[in-house]
Amino acid sequence: MRGATRAGRVSLVQDGLDEKVVAALGDVSMRVGALDGKCASLGVPAYVGDYLLAEYGDDDDGSRRAVDVLDASAPIRAGLPPAGRDVVCRVYGARRMDDDVYGISTACPLLHMLGVGGEDVRAARLLDGSWCHLSVRKRPLCEGPACEIFDVTSSDGDLRRFDMVNYEIEGLNVVRGGAGLAQRLLRLRLRLSTDEWTRLLMRSYGLGGENLDMWGRIRLLWFLAPLAQPGLRVLLVGDADCAGALEASPYEVPAGQLQLDFESFPGSWDCVVAEGEVDRGMLGLSLLLDSYEGIASGLSLAAVSGGDDVRLRRLKRLFGPFHIEVPTPRVMRASADQSEGHLGVNRCVLCELWHALRDKDLPADVEALLDHATGIRGEGREAARLAFAGIYKVLSPDGAMPAGEAEELLEFVLRACLVTGA
């Protein structure tokens with residue numbers, strides 16, 4: 001994290017958990033939710049704010065620079081040119097413009113006319129709809145006029161009369177964390193109790209309810225389970241005041257963002273979020289994603305119901321049986337006084353951990369607990385296995401949960417799966 005030092009982290013320590021976080025992570029820790037409000041007001045996932053703070057530094061100067069980038073990016077959503085040359089936006093696809101030069105598809109058609117080198121596109125590991133960090137620069141021309149794309153009064157007529165080659169996308173980076181940092185999180189988890197780890201996750205994701213009992217916290221954190229476990233379908237059920245399962249990871253995409261007319265960005269989403277009006281069911285999503293070179297394999301789903309019976313029935317009809325339905329506690333977002341000043345973990349880094357865990361099996365002794373569980377068989381057994389594996393990985397990514405806690409967690413999952421009739 002440029003601009004943030006370990007010493008700077010120490011000044012934010014407020015309790016014993018903060019102290020352990022800064023000792024283990026230092027520059028990967030950050031002030032909880034520092035840009036969450038700004039991101040929410042612009043419709044940007046909160047992890048994008050964490051990414052920008054990692055780029056510019058989690059201090060006052062870094063926060064100002066990150067806010068400038070977010071503000072400069074806002075016009076893109078309306079199809080207008082950005083208000084600055086350093087922006088974040090969704091990128092949906094690419095078309096070949098020249099030998100190994102591509103134009104990227106965004107909500108702003110003018111950005112689509114700028115070239116990106118094929119090497120940069122391939123190195124970025126783009127997914128259709130990825131949030132990306134772009135650096136657009138102006139190159140001087142030796143002769144002839146050129147269109148100023150950052151002049152929002154420019155029209156299609158201007159583009160036909162002028163040359164666009166005086167601009168280029170100098171840098172293109174997908175908004176993600178460093179995969180290598182996940183190992184540091186595993187080392188931190190070894191130093192924390194399950195109680196401390198759940199509190200840290202809740203702080204990092206801006207969730208309220210630290211005073212809930214352990215099972216209440218687990219219900220709050222279940223939206224992370226599909227990120228860690230392939231093929232898991234979770235239905236989060238709450239009342240109208242509960243926040244939904246927002247786009248919580250660079251590897252997770254809202255169903256409405258998947259494009260039917262993609263242009264060549266195959267990739268591998270880990271999880272699709274279904275909230276709001278959904279017009280495509282699980283089969284439709286799988287067929288759509290299969291057209292991206294077969295990437296529906298292992299696709300997970302997090303669906304959200306606000307407690308409306310009609311929507312609940314519609315979700316079940318569209319996506320078939322869910323592996324588990326989780327009643328979500330009323331408290332879903334931390335108020336400023338609950339989280340301000342505490343240290344959390346950069347959510348881009350956390351999501352690299354969840355992504356890496358998808359390739360991991362449960363420890364043999366934990367898998368054996370399922371073998372000895374009674375009262376489940378057939379499809380119910382598979383539902384229980386997926387649900388248990390997902391939440392176990394979130395709570396114990398190092399696979400070192402004490403045997404007694406693992407048994408209690410399995411009993412909790414089995415009760416939920418059996419009650420929902422999975």
Side-chain angles (χ1 to χ4, degrees), residues 17 20 24 179-202 204 212-234 249 251 270-271 297-300 302 321-326 345 349-420 422:
L17 181 53
K20 291 181 180 180
L181 294 173
Q183 291 300 316
R184 293 175 65 182
L185 287 181
L186 291 177
R187 290 195 291 271
L188 171 62
R189 176 62 183 96
L190 286 171
R191 303 182 185 184
L192 302 179
S193 66
T194 303
D195 174 80
E196 291 173 320
W197 177 246
T198 57
R199 286 167 54 209
L200 177 59
L201 291 179
M202 292 168 71
S204 299
L212 291 171
D213 63 18
M214 180 59 69
W215 305 120
R217 294 185 209 169
I218 290 174
R219 288 190 180 95
L220 279 175
L221 294 171
W222 217 298
F223 74 98
L224 299 172
L227 298 175
Q229 178 59 39
L232 174 60
R233 297 195 300 274
V234 171
S249 165
Y251 298 99
D270 289 347
C271 182
S297 176
L299 179 72
S300 299
F322 286 87
H323 296 125
I324 191 164
E325 298 173 23
V326 182
V345 180
V349 176
L350 278 167
C351 290
E352 291 298 332
L353 176 60
W354 312 139
H355 181 66
L357 289 173
R358 294 177 73 82
D359 293 329
K360 303 294 184 182
D361 296 325
L362 290 176
D365 58 332
V366 176
E367 193 77 50
L369 294 176
L370 280 164
D371 294 335
H372 298 117
T374 58
I376 56 171
R377 55 186 176 275
E379 292 183 0
R381 182 178 184 80
E382 179 63 8
R385 186 188 69 80
L386 289 170
F388 177 63
I391 196 62
Y392 180 93
K393 290 178 181 180
V394 169
L395 298 179
S396 184
D398 55 357
M401 181 181 290
E405 288 186 15
E407 291 171 2
E408 290 181 1
L409 179 63
L410 177 59
E411 290 178 8
F412 178 73
V413 171
L414 291 180
R415 286 196 300 271
C417 286
L418 293 173
V419 167
T420 60

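All residue numbers in this chain count up from 1 along the given sequence.
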Where is the tightest heavy-atom contact between [X] and [Y], given as atom of each residue plus distance?
X	Y	result
Q229	A389	OE1-CB, 3.4 Å
V345	S204	N-OG, 2.9 Å
F322	V234	CD2-C, 3.7 Å
L232	G390	CD2-CA, 4.3 Å

- Message: Side chains of L192 and L17, heavy atoms from C-beta outward: is any pair under 4.5 Å?
- Response: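 Counting from C-beta outward, L192 and L17 do come under 4.5 Å.
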- Message: When you compare the side chain of W354 with that of L224, does any pair of heavy atoms fall below 4.5 Å?
- Response: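 With C-beta onward as the side chain, the pair touches.
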Could you grab the distance from atom [atom1] of [X] to atom [atom2] of [Y], nearest 0.5 Å is fine?
X	Y	atom1	atom2	result
Q183	L353	CD	CG	8.5 Å
F388	L414	CZ	CG	8.5 Å
M202	L220	CE	CG	5.0 Å
L227	L357	CG	CG	10.5 Å
L186	R184	CG	CZ	12.0 Å
L350	L181	CG	CG	10.5 Å

Under 3.5 Å donor-acceptor, [X] side chain and [Y] backbone:
X	Y	result
R191	K20	no
W197	L188	no
R217	D195	yes
S249	C351	no
S300	R233	no

- Evaluate side chain to side chain contact (heavy atoms under 4.5 Å, CB included) for E196 paired with L200, printing each intermediate quantity in order. CA-CA 6 Å; E196 291 173 320; L200 177 59; over 6 Å; no
- Task: Decide, yes or no, whether a salt bridge links E382 with R385 under the criterion of side-chain N to carboxylate O below 4.0 Å.
- Result: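 A salt bridge links E382 with R385.
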- Query: Any idea how F412 and W222 line up, ring-wise: parallel (<30°), tilted (30 to 60°), or perpendicular (>60°)?
  - Reply: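 Aromatic pair F412/W222 classed tilted.
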Result block: side-chain N/O donor-acceptor pairs under 3.5 angstrom for residues 359-367, not counting sequence neighbours:
none

- Message: For T194, give me all partners under side chain to side chain donor-acceptor pair (under 3.5 Å), at least two apart in sequence or on another chain.
- Response: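 Result, side chain to side chain donor-acceptor pair (under 3.5 Å) vs T194: R189, E405.
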